[in-house]
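Read through the structure below, which is laid out as structure tokens, and then see the notes.
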Amino acid sequence: MASPPSADAEAPASPSAPTRSSGASRSHGATAAPPSPPAPGSAARPAANHVAAPPDQQAKQVLHRRWLIPLLALAAVAGGSAWLVGRWGLVETDNAQVQGHLTEISSRIPGSIVRVLVDNNQEVKAGQPLLQLDDRDAKARLFRARADLEQVAREAQAMLGQAGASVSTARAAEGLAVADQLAANSELARAAADAQRLVSLARQGGVSRQEAERAVAAYQKAQADFTHSQASRQTAKARIQDVGVDRQKAAAAQAKVMQAQAAYAQAQLELSYTRITAPSQGRIGSRQAEPGRQVEPGQPLMTVVDGHPWVEANFKETQLTALRPGQAAEVRIDAYPGKVLRGKVTSLAPAAGSRFTLLPPDNATGNFTKVVQRITARIDLDPRDSKELNLLPGLSASVVVRRP
């Protein structure tokens with residue numbers, strides 16, 4: 001008979017129990033390999049229970065997967081539509097920079113720098129002194145011009161007085177000559193009548209011949225006096241003409257006075273040029289002036305950067321139809337990310353930027369390559385947005401403008 005199975009016999013494995021590896025079913029005499037230690041820093045993970053989900057739960061998962069893809073597609077379409085609606089009609093460019101007035105300071109006269117009163121990055125106001133040149137030469141020229149002015153002024157005054165005195169003398173001489181001529185004319189008429197009467201009486205024997213000869217001599221003397229009076233009158237008239245020449249000399253002297261006044265004013269200007277002041281409010285940059293340096297007219301000494309910047313945006317020529325003066329614009333400065341500044345398009349350049357270069361392109365040379373041209377638009381910023389920002393000329397920016 002078959003004996004019943006002993007307790008030591010191996011029971012059949014249940015379906016839910018984990019199966020042993022072939023290595024575990026080896027004989028007891030074999031030594032089992034020790035388990036490998038866990039990796040450093042890693043925790044022991046429990047074995048995953050691969051339990052099959054119920055059928056109704058699997059159906060729900062399949063249903064969720066079927067609706068998820070259309071919902072994601074619908075959300076993508078809605079987001080793309082919203083982006084298109086928000087960006088529709090906008091023209092933008094990132095080829096933009098902050099600009100400002102940069103005034104180059106130079107001397108108008110040659111000289112040597114005595115003092116420099118400002119430094120780089122310093123705030124200055126309009127009319128504030130920037131540097132001082134040696135003014136000793138300018139003061140000497142001013143003193144000489146003042147002396148020349150006084151000299152020619154006195155000479156002109158003397159000539160003018162002389163011309164006035166000559167006029168009075170000439171007029172008095174002319175009046176005296178006229179009176180002498182009238183007297184000589186009267187004396188000539190009386191002597192002629194006496195000579196005629198005495199000569200007639202002498203022929204009749206009424207008077208002596210000597211008396212008749214004296215009457216004729218008196219007549220001849222009267223004729224000579226009358227001729228002398230005529231000559232004196234002509235001399236007086238010539239003297240009046242000479243007075244006109246004196247007046248012209250006095251006018252020429254007055255012109256010299258005006259020239260001396262102009263020279264004196266020029267000397268005053270040159271003295272004022274030894275003190276160079278700021279033309280406008282701003283900040284000092286690129287200072288090259290140093291005490292003791294010899295400078296020439298037009299030589300750059302420093303630059304004043306105006307504190308009222310604007311933005312120049314270079315749009316493509318294909319965007320030109322969308323730009324109009326007065327349009328609102330949004331400006332973003334790369335130095336201040338996330339900050340949107342309000343602005344307004346104030347003007348457009350009269351030509352493409354390539355026309356203002358040092359060597360404008362010539363498309364008729366045979367090596368033509370079509371390049372999209374750029375049109376510069378000036379955009380003034382709202383001071384309420386930019387007053388707290390340190391906007392420096394040269395900062396990069398991007399501009400967005402909506403089509404009209």
Side-chain angles (χ1 to χ4, degrees), residues 71-104 118-125 278 280-287 302-354 356-357 371-404:
L71 287 176
L72 291 177
L74 183 61
V77 171
S81 301
W83 185 84
L84 288 176
V85 170
R87 305 296 295 180
W88 184 261
L90 296 181
V91 291
E92 60 181 339
T93 180
D94 58 356
N95 188 353
Q97 282 188 339
V98 179
Q99 299 291 346
H101 292 291
L102 277 68
T103 305
E104 195 174 73
V118 293
D119 203 351
N120 274 325
N121 308 326
Q122 181 177 339
E123 292 279 351
V124 294
K125 297 180 180 179
S280 62
Q281 182 180 0
R283 296 175 63 187
I284 299 298
S286 183
R287 198 197 87 169
M302 62 185 67
T303 302
V304 177
V305 182
D306 190 10
H308 300 84
W310 68 90
V311 173
E312 287 187 356
N314 301 307
F315 289 92
K316 297 179 181 179
E317 57 184 331
T318 55
Q319 300 172 325
L320 183 60
T321 56
L323 299 176
R324 296 289 185 277
Q327 285 178 288
E330 294 182 355
V331 180
R332 292 175 173 83
I333 309 297
D334 292 357
Y336 301 97
K339 184 71 174 179
V340 179
L341 306 181
R342 292 169 294 180
K344 182 175 67 174
V345 179
T346 57
S347 61
L348 298 175
S354 60
F356 298 108
T357 58
V371 179
V372 178
Q373 301 298 312
R374 295 279 180 168
I375 308 299
T376 303
R378 172 168 174 160
I379 300 172
D380 288 344
L381 300 175
D382 191 337
R384 293 174 296 180
D385 296 340
S386 59
K387 65 180 181 179
E388 297 180 355
L389 302 179
N390 186 18
L391 299 181
L392 306 177
L395 294 180
S396 299
S398 59
V399 178
V400 178
V401 178
R402 185 173 295 277
R403 290 180 179 269

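Closest non-hydrogen pair, A322 versus V91, comes out as CB-CG1, 3.8 Å. Shown here for A313 and A96, the closest heavy-atom pair between the two residues is CA-CB, 3.7 Å. The shortest heavy-atom contact between E317 and V371 is OE2-O, 3.9 Å.
Atoms CD and CG, on E123 and N121 in that order, are 9.5 Å from each other to the nearest 0.5 Å. A distance of 6.5 Å separates CG in L320 from CG in L348, rounded to the nearest 0.5 Å. A distance of 11.0 Å separates CD1 in I379 from CD in E330, rounded to the nearest 0.5 Å. To the nearest 0.5 Å, the span separating CZ on R283 from CG on L102 amounts to 12.0 Å. Taking CG from N120 and CD1 from I284, the interatomic distance works out to 8.0 Å, rounded to the nearest 0.5 Å.
Residues passing the ring-ring contact (aromatic ring centres under 6.0 Å, His included) test with H101, sequence neighbours excluded: W310. For R378, the side chain to side chain donor-acceptor pair (under 3.5 Å) partners at least two apart in sequence or on another chain are D380. Residues forming a side chain to side chain donor-acceptor pair (under 3.5 Å) with S354 (at least two apart in sequence, or on another chain): Q373. Residues that satisfy the side chain to side chain donor-acceptor pair (under 3.5 Å) test with T303, not counting sequence neighbours, are absent from this structure.
R374 is listed as a side-chain neighbour of K316, based on a closest heavy-atom distance under 4.5 Å. With contacts defined as side-chain heavy-atom distances shorter than 4.5 Å, the pair R324/V345 does not qualify.
Residue pairs meeting the side-chain hydrogen bond (donor to acceptor under 3.5 Å, both in side chains) criterion with at least one partner in residues 335-349, sequence neighbours excluded, are R342-D385.
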Enumerate donor-acceptor pairs with a distance under 3.5 Å from any side-chain N or O in residues 389-401 to protein atoms, sequence neighbours excluded.
none

